[in-house]
Protein chains: 2
Amino acid sequence: MAKALNIDPSTVSRALNDKPGVRPELRRKIKEKAEELGYIVSFQARSLKTKKTMTIGIILSDIKNPFFLDFLDGVEKTLFPRKYKILLATSNENIQKEKTYLTWFMEHGVQGIIIAPTCTKSGKNNLSFFRQIKKNGIPIVFYDRKLESGSLEFDSVTINNYEAIVSAVKYLVVEMGHKKLGLCLTEPLVYTLRERFRGFIDGCKMFNAKYDKKWIITLTKDEKENMKKLKVLFKESGPTAVITTNHLITQYILKATREFNKKIPKDISLIAFDDNIENQIYDPPLTTIKQPVLSLGKNAATIIIGRLDGEDYPPQNIVLNSELVIRNSVKKLKNKK
Amino acid sequence: MAKALNIDPSTVSRALNDKPGVRPELRRKIKEKAEELGYIVSFQARSLKTKKTMTIGIILSDIKNPFFLDFLDGVEKTLFPRKYKILLATSNENIQKEKTYLTWFMEHGVQGIIIAPTCTKSGKNNLSFFRQIKKNGIPIVFYDRKLESGSLEFDSVTINNYEAIVSAVKYLVVEMGHKKLGLCLTEPLVYTLRERFRGFIDGCKMFNAKYDKKWIITLTKDEKENMKKLKVLFKESGPTAVITTNHLITQYILKATREFNKKIPKDISLIAFDDNIENQIYDPPLTTIKQPVLSLGKNAATIIIGRLDGEDYPPQNIVLNSELVIRNSVKKLKNKK
DNA sequence: TTGAAAGCGCTAACAG
DNA sequence: CTGTTAGCGCTTTCAA
């Protein structure tokens, strides 16, 4: 670079990085010249020496979920002022792809990784690779989901999925008089969904609601198949209320409702996961379980930054609270036994 | 690294990178050892030599717009097989922040930049900086928007915004008998919106529709203010149909409709920009202008890859076609003169 | 206060 | 086929 100034690179480095030991006048001159030449340091070169790339790797599990927009927003807001940059990846719920990206992240020297870890249908995940990464000194934060077996080893930020569904069930049963409940999930059954599932089962037991195996529906990417599966919800003998567990499922249910010419909440009541603006605007406005998504992102990024600043305490498992936002998609049933 | 094998690093490099000139047996041994040790190359070091970081910088203009999910999906799908990684940034429609990220991208040695360039209210943009970047040999692709003054210098992928609105106007006027039209925009008035605005004005002239300055509404982040502004749409003397120009605006209109206790399309007809699933599911399903967003992302990434592969032709300005998807949010008016 | 020298981990050119 | 050498652009001792 500005060896056009006929001085040693080390001096330039000191000047530009505001390190002590440069005559103010010279420093000014160097900075001016740098500006003039449009000089830009090479992080490649710098980080080779300093081991700091100032990048954080983020892995989404499914880039199509609007959940991630708010999440990324939270992460970016936190990272930007600290000058950390985001290397973005998506696993598409595929552990092989996840591993590929993790490897790439390591190759690129990310200083931390924020990830919603996926798993296979049979429950396999990349735990051993996460361990290896951690052993290499790269902090990892799980968000949205975590690996149960890794709770004591890794930081995580999740929401109270279990309690969220339990209180949704409680609301349906105790306050609104529903007795027959359904639940919709997707595969793979990652941590988050397992927790929600558990909350549903336990909630039903706690409050004496009835659920049928058939009313717990697992949707796939096959839309036709899904519509067929959803039919059961609208049968005379079907559930009177249904809970969804993510954005896409909610859309499917709404679509099915329309297709089968049913109305919410007249024909079926609905509690939707995620408080997207569409859910608020829908007719009728949907009762939702609102996750603090932005906060999730901010917390995940904050933990990483803390670790990079050398904070050294045992793994944190932060659990944020969700909130039941009551609108008009649940009908009040008379308690005719 | 595997100087644990007691051989020279250059040999290791050759072996691992499948370069010719290594005894198969030795190569195998090296690869095995690398696997065993969990060896991971350093791109920092490699790229210092090769000048290839295998990263592409992507700048979004507003991370909250679901438009970008599909876009990113398209980009990622194209980049992943080529092993290019995504460095993600968002300008939040702030040219200063945009410039900061551009600088960071250069520091990190991105090999290409894909950006929806923003501008100030008064129309200022980072053109001169884009020029400087290009002069440094980094290809830039504008997507969604472009800088008119830079069309001959830079690659771009946009949609036919002007024609899209013209045909929406045509549909409203010629097919559905509307005579009084409104339009909703946001600031800053970037290229895309200017084009849509132009399409609206020209369309109204072409098909003899009436529009009033008051019916062209520019929304801000102040929600209360927005609601006030939107009132005019629902006046007796107001427009009979309105066209929105992005996702968020559509939500505002739907919200306003609900708040003012009006119905679509009975009280006002609506054509919404972007064919999000929510718009399809809404009651009534909305007539929309559908952008090929995924394709936008794929095209942008494809151009960048082409440039990196050394393709050297004049700047391309790809224009993709949008499509008017007709549903039930526009009422057919009788042609009583 | 500045320069000289070494080295971060890798690859490429040249020898052997 | 393999090792030696040099150097990518920067930062960090150590000397001057």
Side-chain angles (χ1 to χ4, degrees), chain A residues 1-55 83 85 103-111 133 136-138 308, chain B residues 1-35 37-55 83 85 103-111 133 136-138:
Chain A
M1 114 86 180
K3 287 72 195 208
L5 265 173
N6 241 8
I7 53 179
D8 194 83
S10 59
T11 308
V12 173
S13 172
R14 277 187 289 253
L16 261 28
N17 292 312
D18 291 315
K19 299 253 163 110
V22 184
R23 195 158 29 91
E25 194 190 341
L26 213 209
R27 188 187 298 272
R28 203 179 34 70
K29 219 165 81 184
I30 294 178
K31 287 198 172 180
E32 265 174 20
K33 195 73 184 176
E35 180 72 23
E36 181 192 326
L37 297 177
Y39 170 79
I40 286 177
V41 289
S42 161
F43 264 64
Q44 262 61 46
R46 172 187 288 176
S47 63
L48 203 55
K49 190 92 219 188
T50 63
K51 305 287 153 206
K52 295 190 193 317
T53 58
M54 301 305 286
T55 56
K83 307 199 177 183
K85 293 96 196 184
T103 307
W104 288 357
F105 279 177
M106 295 306 284
E107 292 178 345
H108 283 272
V110 298
Q111 291 186 250
I133 290 171
N136 286 352
I138 306 300
L308 293 178
Chain B
M1 114 89 180
K3 287 70 197 217
L5 265 171
N6 240 9
I7 52 176
D8 192 84
S10 59
T11 309
V12 174
S13 172
R14 276 187 291 252
L16 261 29
N17 292 312
D18 291 316
K19 298 253 162 111
V22 185
R23 197 160 26 95
E25 196 191 338
L26 214 209
R27 189 189 297 273
R28 204 179 33 72
K29 219 165 81 184
I30 293 178
K31 287 198 173 182
E32 265 174 20
K33 195 74 183 174
E35 180 74 21
L37 297 178
Y39 169 80
I40 285 178
V41 289
S42 160
F43 263 66
Q44 262 60 46
R46 171 187 288 177
S47 62
L48 203 55
K49 188 93 221 187
T50 64
K51 306 287 153 207
K52 295 191 192 318
T53 58
M54 299 307 286
T55 56
K83 308 201 176 182
K85 293 96 194 183
T103 306
W104 288 358
F105 279 177
M106 296 306 284
E107 293 178 344
H108 282 272
V110 297
Q111 291 185 250
I133 290 171
N136 285 352
I138 306 301

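First the proteins, then the strands, lettered A, B, ... as listed; each starts at 1.
A donor-acceptor contact under 3.5 Å is formed by the side chain of Ser10(B) with the base of dT4(D).
Neither OP1 nor OP2 of dT11(C) sits under 4.0 Å from any side-chain N or O of Lys51(B). Using a 4.0 Å cut-off, no side-chain N or O of Arg14(B) falls inside it from OP1 or OP2 of dT11(C). Note on Arg46(B): a side-chain N or O is less than 4.0 Å away from OP1 or OP2 of dT11(C). Within the 4.0 Å cut-off from OP1 or OP2 of dA12(C), at least one side-chain nitrogen or oxygen of Lys19(B) is found. The side chain of Tyr39(A) contributes no N or O atom lying less than 4.0 Å from OP1 or OP2 of dG9(D).
Residue Asp8(A) contributes atom CG, which lies 15 Å from atom P of dA16(D) at whole-angstrom precision. Atom CD in Glu107(A) sits about 11 Å away from atom P in dT11(C), given to the nearest Å. Between Lys52(B) atom NZ and dG9(C) atom C1' the separation is 19 Å, expressed in whole Å. Separating the CZ atom of Phe43(B) from the C1' atom of dC8(C) is a distance of 17 Å, rounded to the nearest angstrom. To the nearest angstrom, C1' of dT13(D) lies 8 Å from NZ of Lys49(A). Atom CG in Asn17(B) sits about 17 Å away from atom P in dG9(C), given to the nearest Å. Note: CD (Gln44(A)) to C1' (dC10(C)) measures 13 Å, nearest angstrom.
When atom types are taken as modelled, the side chain of Ser42(B) and the backbone of Ala45(B) share a donor-acceptor pair closer than 3.5 angstrom.
Heavy atoms of Ser42(A) sit under 4.0 angstrom from primed sugar atoms or phosphate atoms, though from no base atom.
One finds a salt bridge joining Arg28(A) and Glu32(A) here, because a Lys/Arg side-chain nitrogen approaches an Asp/Glu carboxylate oxygen to under 4.0 Å. With respect to Asp8(B) and Arg14(B), no salt bridge is recorded, no charged nitrogen being found less than 4.0 Å from a carboxylate O.
With a 6.0 Å radius and a threshold of 12 heavy atoms from other residues, nucleotides or ligands, Lys29(B) has its NZ atom at or below the threshold.
Looking at every heavy atom in both residues, Thr53(B) comes nearest to Gln111(B) through N-OE1, 3.2 Å.
Sequence order on DNA chain D of the closest nucleotides to Leu26(B) and Thr11(A) puts Leu26(B) first from the 5' end. Of the two residues near DNA chain D, Leu48(B) and Arg27(B), the one whose nearest nucleotide lies more 5' is Arg27(B).
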